[in-house]
Amino acid sequence: MGKVLIIGAGGVGTVVAHKVAQNPDVFIEIMIASRTKSKCDAVVKAIGNPNIQTAQVDADSVDELVALFNSFKPEIVINVALPYQDLTIMEACLKTGVNYLDTANYEPKDVAHFEYSWQWAYKKRFEEAGLTAILGCGFDPGVSGIYTAYAAKHYFDEIQYLDIVDCNAGNHHKAFATNFNPEINIREITQNGRYYENGQWITTQPLEIHKDLTYPNVGPRDSYLLYHEELESLVKNFPTIKRARFWMTFGQEYLTHLRVIQNIGMARIDEVEYNGMKIVPLQFLKAVLPNPQDLGENYEGETSIGCRIRGLKDGKERTYYVYNNCSHQEAYKETGMHGVSYTTGVPAMIGAMMFLKGLWKKPGVWNVEEFNPDPFMEQLNKQGLPWHEVIDGDLEL
């Protein structure tokens, strides 16, 4: 029991490695693999555990992944590489008999499109192989789904209205920087908004709908309606939901920079010709922006992420707000990464722990809300992401 392979040595991968190493009773053998082995070696050095192995692998190559999996023989792979690589890693898992966990759904490189269909299509193959695939086990998606499942299990007969609210009230003292991979981050924000209401999806212009929401210990923040992938699985798995939305906060300076980036064509994901070679503007922009991994040292403030839920219990209307606030400085002191990486990396480790303990283990492809939320919620309190709940309070939404 307890052999785990982490693919990805960015900010989230670094947090996952730290947290896995903190739980040696569950994770007996650890390997970190990435396209650049020196990044993995640097993570091991920061953790100070020479028993953690490292390897170089191109996660776009099924053959390279298969060779690595056959060599190390992990029980589960924690995929914190890029969302473009989900399917190659899932293919390699099927070829080698390895279980799978990720934090973000697959998206094709050539179009900013978030949809679970590609990964859900693997359900039968994972069932037949007797393997478990756990999808979207970060914070949002991830904890947001587990919060919803916990609310459904303990507080509601019928969830009707779900709003996931994500506030980063931190300050990294940079003119413009993204908190995770700039390419993924900017693609996510610049696409159309979308929410679910009365059985259908309603599309909005990017960042068209926004309002002030009040976050615990933070206060009011301008919050924008985005489309986020967990909405797709949550309305499927909780069919009583009448409306589901996702909100995220942005400062005006950030949005001004974002508008300029779009207006001058730097958010494009298609190839352009420059000096006789083809480049993707957004990938070039990523190369000149601050590295998200380097933001932690000067990051102040905190994140506040949660679910605001309204529905029925015993025939009466009830509201429920469950959330976590995470300090960027505390996250940095523990792992060398800021709170955005921390809030994604800790749940990924807990999901792998749930699998290895046999608590989340069933052949097929599953979203996190399809498992028992209770042991996961218990571990959130123990592993650095304690949660708080407000019952029958004002949800503002």
Side-chain angles (χ1 to χ4, degrees), residues 1-104 106 118-119 122 125-135 137-138 293 345 348-358 360-365:
M1 175 177 138
K3 209 168 183 184
V4 63
L5 171 60
I6 302 160
I7 300 181
V12 176
T14 300
V15 173
V16 172
H18 272 84
K19 300 305 288 192
V20 161
Q22 287 174 19
N23 289 274
D25 55 321
V26 176
F27 301 98
I28 312 300
E29 274 190 77
I30 307 163
M31 175 181 275
I32 312 170
S34 169
R35 196 184 298 267
T36 310
K37 186 174 180 292
S38 58
K39 283 187 177 180
C40 305
D41 295 334
V43 174
V44 173
K45 187 178 178 187
I47 293 171
N49 180 347
N51 294 323
I52 298 174
Q53 300 177 56
T54 63
Q56 190 278 330
V57 72
D58 178 359
D60 289 321
S61 166
V62 174
D63 289 345
E64 281 194 32
L65 290 162
V66 165
L68 179 63
F69 295 2
N70 281 334
S71 160
F72 182 62
K73 294 185 168 46
E75 278 183 74
I76 189 167
V77 164
I78 301 176
N79 168 18
V80 281
L82 294 172
Y84 318 137
Q85 297 162 329
D86 290 1
L87 301 189
T88 53
I89 297 172
M90 290 177 83
E91 284 288 351
C93 285
L94 285 166
K95 287 179 184 293
T96 54
V98 174
N99 300 281
Y100 174 88
L101 178 144
D102 67 28
T103 63
Y106 171 76
W118 291 288
Q119 290 180 277
Y122 279 75
R125 291 174 67 193
F126 269 80
E127 279 175 3
E128 289 170 350
L131 297 172
T132 301
I134 301 168
L135 304 185
C137 197
Q293 282 177 257
M349 178 280 292
I350 297 174
M353 174 189 281
M354 294 295 101
F355 171 79
L356 290 171
K357 285 184 168 184
W360 283 19
K361 194 170 188 175
K362 51 184 178 179
V365 174

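These numbers were taken from a predicted model, which means no experiment stands behind them. All values below come from the heavy atoms of this structure, side chains included, with hydrogens, waters and symmetry mates left out.
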> Which is it for Y100 and L135 under the side-chain contact (heavy atoms from CB on, under 4.5 Å) test, yes or no, and what are the steps along the way?
Replying inline: CA-CA 8 Å; Y100 174 88; L135 304 185; 4.0 Å; yes
> Can you find a side-chain donor-acceptor pair between Y84 and D86 that sits under 3.5 Å?
Replying inline: no
Would you compute the distance between atom [atom1] of [X] and atom [atom2] of [Y] and round it to the nearest 0.5 angstrom?
X	Y	atom1	atom2	result
D102	L82	CG	CG	12.0 Å
Y106	T88	OH	OG1	8.5 Å
I89	I78	CD1	CD1	12.0 Å
I30	N49	CD1	CG	6.0 Å
N23	I350	CG	CD1	8.5 Å

>> Given I76, which partner from the list V4, L131, I6 fulfils the side chain to side chain contact (heavy atoms under 4.5 Å, CB included) test?
In response: V4
> More than 12 foreign heavy atoms under 6.0 Å from NZ of K45: is that the case here?
Replying inline: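 Count not over threshold, so no.
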Nearest atoms (heavy-atom pairs only) where [X] meets [Y]:
X	Y	result
L101	A352	CD1-N, 3.6 Å
A348	T103	CB-CG2, 3.8 Å
C93	F126	CB-CZ, 4.3 Å
Q119	V365	O-CG1, 3.7 Å
P363	E127	O-CG, 3.5 Å

Verify, without hydrogens or angle tests, whether [X] (side chain) and [Y] (backbone) share a donor-acceptor contact under 3.5 angstrom.
X	Y	value
S71	A67	no
E128	R125	no
K73	N70	yes
N99	T132	yes

>> Please determine whether side-chain contact (heavy atoms from CB on, under 4.5 Å) holds for the pair E64 and Q56, giving the CA-CA distance in whole Å, both sets of side-chain angles, and the decisive distance to 0.1 Å.
In response: CA-CA 9 Å; E64 281 194 32; Q56 190 278 330; 4.1 Å; yes
Beyond-backbone contact of [X] with [Y], side-chain heavy atoms, under 4.5 angstrom:
X	Y	result
F27	M353	yes
K357	V26	yes
K3	I28	no
K39	V43	no

Sequence-distant partners of [X], side chain to side chain contact (heavy atoms under 4.5 Å, CB included), two or more places apart:
X	result
A33	L5, A55, V57, L68
T54	K37, C40, D41, V44
Q53	E29, M31, F72

Report, one line per pair, each donor and acceptor closer than 3.5 Å where one atom sits in a side chain of residues 7-21; sequence neighbours left out.
from : atom 1 : to   : atom 2 : distance (Å)
T14  : OG1    : G10  : O      : 2.7
H18  : ND1    : T14  : O      : 3.0
K19  : NZ     : Q22  : OE1    : 3.2
K19  : NZ     : E334 : OE2    : 2.6
K19  : NZ     : Y342 : OH     : 3.3
K19  : NZ     : Q383 : O      : 2.8

>> Taking the six-membered ring for Trp, are F355 and W360 closer than 6.0 Å centroid to centroid?
In response: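 Ring centres of W360 and F355 not closer than 6.0 Å.
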> Can you list the steps and then say if I52 with I47 is a side-chain contact (heavy atoms from CB on, under 4.5 Å)?
Replying inline: CA-CA 9 Å; I52 298 174; I47 293 171; 4.0 Å; yes
>> Going by the rule side chain to side chain donor-acceptor pair (under 3.5 Å), which residues pair with Y122 if we only count those two or more places apart in sequence or in a different chain?
In response: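 Partners of Y122 by the side chain to side chain donor-acceptor pair (under 3.5 Å) criterion, ordered by chain and then number, come out as E91.
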> Which pairs, with at least one residue in residues 54-63 and sequence neighbours excluded, count as a salt bridge (Lys or Arg N to Asp or Glu O under 4.0 Å)?
Replying inline: R35-D58, R35-D60
